[in-house]
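FYI, side chains are in, hydrogens and waters are out, and symmetry mates aren't considered; it's all heavy atoms of this structure. Predicted model, so just to flag it, every value in this text is computed and none were measured.
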Amino acid sequence: MMPSDQSPDPLGDTDDMSLVLQSLYDPDQDDELGTKVVDVVTSLPDVDADDFWDLPPLYDAVDVDAVERTFFGRETSGVDRPVQGIISFEYLKHVITVRNDGWIFVYNS
Amino acid sequence: MEEDTDNLSEGGLADAPDASVTGYSGARLPVFLDLDEIFEALDHFRRRYLVFSLLVETQPVDLVDAAAELYAWEQSVPLDTVTEDDLTDLAAALYHVHVPKLRALGILTYDEDERTLEPGENTAHVESLIQESSDSFDRAESVHEQYHQEVDDDAQ
């Protein structure tokens with residue numbers, strides 16, 4: 001089992017990338033996964049945005065709805081599925097990786 | 001939408017173009033938006049709410065207003081207690097996830113300057129399907145309004 005603060009290899013190219021920020025998405029406390037990702041990105045020092053309106057839609061980078069459903073959805077009877085995996089995508093010149101346990105890692109690409 | 005949708009077995013889209021298929025519901029659906037896409041569009045409460053708003057409103061729908069109404073609904077609180085802080089996360093989800101998805105399917109058009117939503121070229125095609133769930137919206141909405149009324153009455 002990976003320790004929760006150790007970042008995975010997003011696209012096999014971690015040598016060229018530095019981890020900028022990591023944040024944990026909590027499906028019970030936070031709104032949607034998309035909201036959380038946007039929140040994290042807005043807080044980056046090199047992202048010139050006062051708030052979420054200033055950014056291009058996250059949907060253009062990834063179908064975050066589908067990611068949320070895969071990692072955090074429940075099967076019909078309400079049981080959590082033990083899914084493992086990561087999804088990586090590029091948004092605003094950063095590589096962002098979402099892991100099934102909710103950890104979001106942001107890299108400079 | 002001025003046109004009344006008849007019950008599904010008769011097909012709600014009387015003016016559907018000639019190139020169409022009959023969907024499972026019996027409604028006539030143009031081929032350029034297939035059932036997979038329609039159901040994907042409707043496969044989230046917040047998206048259904050946006051589509052429903054577009055079908056009942058005659059004016060462009062303000063995105064922030066829609067976020068406030070959705071927040072009040074989801075949290076079961078009166079609309080006039082919703083603050084800008086409250087609705088920020090929800091508005092972000094609409095702007096970044098749900099509006100773009102519906103926009104890509106032509107189910108709404110989004111004005112970036114005004115931050116408003118209007119029906120798109122495919123809105124009518126989901127109307128007959130959402131009619132079913134809009135009945136449950138109507139029921140839920142009347143319960144919701146009743147809640148508002150009771151809170152208002154208590155506040156008097």
Give, as side chain, backbone, both or neither, the part of B/Tyr71 having an atom under 4.5 angstrom from any heavy atom of chain A. neither

Could you tell me which of A/Ala61, A/Pro56, A/Pro57 has the largest number of non-hydrogen atom pairs under 4.5 Å with chain B? A/Pro57

Pick from B/His44, B/Glu112, B/Lys101 with the largest number of heavy-atom pairs that fall under 4.5 Å of chain A: B/Lys101

Given a strict heavy-atom distance threshold of 4.5 Å, which part of B/Glu40 is in contact with chain A: side chain, backbone, both, or neither? side chain

Looking only at heavy atoms, which two atoms of A/Thr35 and B/Ala92 are closest? And how far apart? CG2-CB, 4.1 Å

Shortest non-hydrogen contact from A/Gly34 to B/Val97? CA-CG2, 4.2 Å

Rounded at 0.5 Å granularity, tell me how far CZ in B/Arg46 sits from CG in A/Asp65. 10.5 Å

Smallest heavy-atom separation, B/His96 atom then A/Phe52 atom, equals NE2-O, 3.1 Å

For A/Asp46, is the CG atom crowded, meaning more than 12 foreign heavy atoms sit under 6.0 Å from it? yes

Would you give the length of the straight line joining atom CG of A/Asp39 to atom CG of B/Asp89, rounded to the nearest 0.5 angstrom? 6.5 Å

A/Glu32 versus B/His98, side-chain donor and acceptor atoms under 3.5 Å: yes

Contacting moiety of B/Leu63, where chain A heavy atoms sit under 4.5 Å: side chain

Taking all non-hydrogen atoms of both residues into account, name the closest pair between B/Ala104 and A/Tyr59 and its distance. CB-CE2, 4.2 Å

State whether the side chain of B/Tyr95 and the backbone N or O of A/Leu55 hold a donor-acceptor pair below 3.5 Å, judged by distance alone. yes

Chain B interface, residue from A/Val38, A/Val37, A/Asp51 that has the most non-hydrogen pairs under 4.5 Å: A/Val38

